[in-house]
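In what follows, a single structure is set out as structure tokens and then discussed.
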Amino acid sequence: MVQSVSPHSSGAGAVSPLVALQATLQQMREQTDAKALIQLTLEYVKAVFGAPLIWLALYDHANHQLVGQGGVTLREEDRPLLQAAYPLQPGEILEQVVFEQRPISVPDLSQEPRMGLWQREAKRLGGIQGCFIYPFSTVGRRRCLGILMLGSQLWGATTHEEEKALLGILLGQLAASLQKLEDAWKRQAEKRFEESLLRLGAAMCQAGSLQERVSLVTQELQSCLGAVHIQVYWHKPREGRFVPHESAARPTPAPTARGTKAGVIPMEEGSLALRELGNLYSSLAAGQVVVGDLETTRAEVPLKLMQQWRAQSALAAPIRLQQELLGFIWVQSEVPRTWQAAERQLVAAAAHGLALATPLENLDRRLRQLADDQEFVHQVGQALSNPAQLQRALQQAVVGLGQRLQAAAVAVLTLDPNQPIPRLFYEYRSEGQQALPQQFSSLSEQDWQDLLRSEVVVAENYDQDLRLLSWRQELAPLGVRSLMLTHTEVGGSATPAALPQGLILVLHPQRRAWSREERQLLRGIAQPVGLILRQIQLEQRRQRQEQLFNGLVAACLTLQNLTTLPELYAATVHQTAQALGIPLALVVSWQPGESRARLQPPFAAAPAFYPTGPTEIDRQDPLLTRALQARGPLQLSQDQIPAASRTWLNSTGLGSWLLLPLGEGGPETGDSPGLEPLGVLILGAEADKVWEPEEQAAATVIAQTCGWTLRRLLWVQTLQERQEVLSELNWYKHRRLLDLQSALLDSLRRLGQVPATPGDEATRWQKVVEIARGLRDLAASVEPLLQAETWQAQPQLQSLSVATLVRKSLRRLEGLAQKRKLWPRAHGDLSLAVWGDPGRLEMVLWEVLVAAALRSPEGGRLDLWSRVAVGESGAEHSGYAELLVVDQGRFDPHLLAALQGDPQQVVSADPLFQSPLAASPGLELSLCQRIVQRLGGQLSFYLSSDGCSVSQLLLPLSLGRQSSQQPKQGQEGQRSSI
């Protein structure tokens, strides 16, 4: 270097570099520790050359980096830099030195970009410029072991020839000593590999499965080879590919990719096609151990494959048995690495061990499979002893069968004895497999014969097989290439006359052969599955019957307690739909003798099911006619609905219908045949709905109950209406008789006063004639009542003056008013004319005044107001006259609440219930409310804001009076001011 060779001094004086070198070499030959060798080398270089920068590094071939072993810098804090690892980058000088193994001088370290980190650190290390890099390697330069770098503060400084010679001798001894240590380590490693092979062989003999043996091989190779990735690939010659061990052990095959051509097997994740291996496959088939390197890879390992696996170096050992390639062991390193002969022999020996274990694995797998199948069938059979776990047992059987057969799907199909259409009962599907259809086509006679003869129908190539052609439409979209089908009956008990309980269908996405063991397993599972199906269906039928029974009881109890027709119709459709679990129920009803039917509000599970047609239907509609003519429930499909009936029965998404008459009598029920139905109950469900006999029976009972309840309500309503008419007629006649009696007594009183009348005989005779004329008019007024209203009320509607109505009513009240010392007064516009029956309106107003007078305190006021009706907003209702009777009496709150209800609801009230309207004065006042309502008016009762009792009578104005009457405003206030 720039500095001259300094003397190597000791206690005896100065020693020349050559003498010091001899002593150092002697010490290095006696060392057995690599660190001590490096330390001796650094001490000599430091003592002899005295350079400001000295760095010794060993080359790590596996990781392609230089690992610092120490050195000299001008500052102590820079020492960690000398111990760090320095990865080599392509194009750098240090990598060039390692690869070419020849010394290189750098004039200015700080200006050389190919020095990487050392260029950036040159100034900080004391301004290092001239630099000399000397490599040292094994004998014959087969492999570089490391470098020695000397740096100077002078530009362009380098070593002399003598110094190079000294460094060559020193570093040559260092390389020889390190190689000696490495050779000793390799001998120990080879011995360790032998021990590993012995240990591995013993462990593989004790292993019980191929999975365990592969795991042992992987662990042992990982322990011996260090940081590498190991994968075992198995050869599938029929499929033309190699699959990794984990993928090959999967219980469920990967689903067929969308768009894959028929017969083409999809590639599993991580699998390798033969075309991807190239010459590597030929070398492995020949039994060769193939070594590959990313930089200098040979043709046996394709470069594309190395790049795909991100491998810098790789090793592949074939797994061969009897000249047949079963697979290979792949070992790869992510850093450049030189594979030693011992390492290659170790991997090859592990591959031979796996090859010898494969036949045992096949036999063991066969025995284990048979044992597992027997245990599996035994477990499924044991599950039959627990009725509560039948569904779980079915799931365990089907899922276990699908996994053992590596099937894409396993379907359990049930058969209805009445309709031999296979329906999906339970299914197992592998991941990504499409759902199976809920219903299959009927099997052909030939398929039934094949199934009953061989018990298992097998189609190994379903695309070209003639079996189960009737299911081609259902199975083609699923990508099925092979399948198995069996029945669930014990032995050969299934016959064409007695269909089996169910079928088991096994589907696979690839063409494959089904072994005898797989067929036996299917039959072994099919028989307990048949028993499970029978038990599950019996339990489901029991639960269904219990549900129907509970729904039927609830429906009958509900329907027989209803009191109105809207409630009856709503409860019928709701209870029927809930009991049967159907999406739509509706009632078409009519009154006796009517020619038009009405579609009542239906019950629908979704808005789309609501009919959108007309609600008025002709009684002669063809659908209603067919339902009434049928001797029981009528089942129809959507195509069987007449076109004329689809205008009002047009629910979307429904295709199965059940029609039942309401209250039909006949020989089937033992009822009287003279009672005609009063409607039809229509039930709708999905197109594939099958109406079970239990459902039809339950619906029939509900329909009959609804019909008889409907008839009862109509009877009660008719009788109550007739009672109401007779009560009204009785009340009216009774009030007219009272009025007649009062007028007759008054005439007799006046007749008795005639003799005492002052005047002549002509005057008294004129008085008698006047009284007789009044008696004649009184008799004439009663004549229409006797002739026209014998058993039926016949109001005589005509125009009536309010003044006349008020005057006659107050005159009839005179006796009661005088008795209770009341002050009756009339106010407002009395010139109004109303429309109605004069006699009834007089009796109604008289009844209202009598009730007000009876509840008024003695000496109280009784006001009667008349005006044109005014609404809540203040606007006048010019079509009505309002008569208000206001008193200071206390209105019974119970009676007031009863009178404020709907008068028509009294007809449907329970006659056994003692209502305030069942006795006077509520009986008379409620009759008056209904009379006024039928005359087009309204009679209501309420309390004003000041505590007065108010009776409001709204009467329609006479048409002639309405056209000429000008309403008077400002005369009266609101209710609160009365």
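Here the side chains of Thr572 and Thr709 are not in contact, with every heavy-atom distance at 4.5 Å or above. Leu953 is not listed as a side-chain neighbour of Cys928, based on a closest heavy-atom distance of 4.5 Å or more. Side chains of Gln938 and Tyr880 form no contact here, defined as non-hydrogen atoms less than 4.5 Å apart. By the 4.5 Å heavy-atom criterion applied to side chains, Leu832 and Ser866 are counted as neighbours. The closest side-chain heavy-atom distance from Leu813 to Leu822 is not below 4.5 Å. For the pair Trp657 and Leu649, the minimum side-chain heavy-atom distance is below 4.5 Å. Contact check for Glu676 versus Pro592: no side-chain heavy atoms found under the 4.5 Å cut-off. In this structure, Leu660 and Leu683 have side chains that are in contact, with non-hydrogen atoms separated by less than 4.5 Å.
Nearest heavy-atom pair, Trp865 versus Val886, reported as atom, atom and distance to 0.1 Å: CD1-CG2, 4.1 Å. Scanning all heavy atoms of the two residues, the minimum distance from Ala833 to Ser799 falls at CB-OG, 3.9 Å.
The salt bridge (Lys or Arg N to Asp or Glu O under 4.0 Å) test applied to Arg855 returns Asp887, not counting sequence neighbours. Take Glu567 and apply the side chain to side chain contact (heavy atoms under 4.5 Å, CB included) test, not counting sequence neighbours, and it matches Leu562, Thr563, Thr564. Considering only residues two or more places apart in sequence or on other chains, Arg861 meets the salt bridge (Lys or Arg N to Asp or Glu O under 4.0 Å) condition with Asp863. Residues passing the side chain to side chain donor-acceptor pair (under 3.5 Å) test with Trp590, sequence neighbours excluded: none. Applying the salt bridge (Lys or Arg N to Asp or Glu O under 4.0 Å) test to Arg807 and every residue at least two apart in sequence or in another chain returns nothing. Partners of Ala604 by side chain to side chain contact (heavy atoms under 4.5 Å, CB included), not counting sequence neighbours, listed by chain and number: Leu584, Phe609, Tyr610. The side chain to side chain contact (heavy atoms under 4.5 Å, CB included) check on Pro857 picks up Gln888, with sequence neighbours excluded. Every residue meeting the side chain to side chain donor-acceptor pair (under 3.5 Å) condition with Arg598, not counting sequence neighbours, appears here in chain and number order: Glu594. In this view, Tyr569 and Leu565, Val587, Ser589, Gln600, Leu710 satisfy the side chain to side chain contact (heavy atoms under 4.5 Å, CB included) rule, not counting sequence neighbours. Scanning for ring pair (Phe, Tyr, Trp, His ring centres under 6.0 Å) contacts around His894 gives an empty result, with sequence neighbours left out. Considering only residues two or more places apart in sequence or on other chains, Lys808 meets the salt bridge (Lys or Arg N to Asp or Glu O under 4.0 Å) condition with Glu842.
For residues 611-623, no residue pair satisfies the salt bridge (Lys or Arg N to Asp or Glu O under 4.0 Å) rule, not counting sequence neighbours.
No more than 12 heavy atoms of other residues, nucleotides or ligands shown are found within 6.0 angstrom of CZ on Arg890.
Using a 4.0 Å cut-off between charged side-chain N and carboxylate O, Glu858 and Lys821 make no salt bridge.
Here the side chain of Arg820 pairs a donor or acceptor atom with the backbone of Ala853 at under 3.5 angstrom. Panel note: side chain Ser809, backbone Val806; no donor-acceptor pair is recorded below 3.5 Å.
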**OP:** Go through the steps for Leu854 and Leu816 under the test side-chain contact (heavy atoms from CB on, under 4.5 Å), then give the verdict.
**Re:** CA-CA 8 Å; Leu854 291 176; Leu816 182 59; 4.1 Å; yes
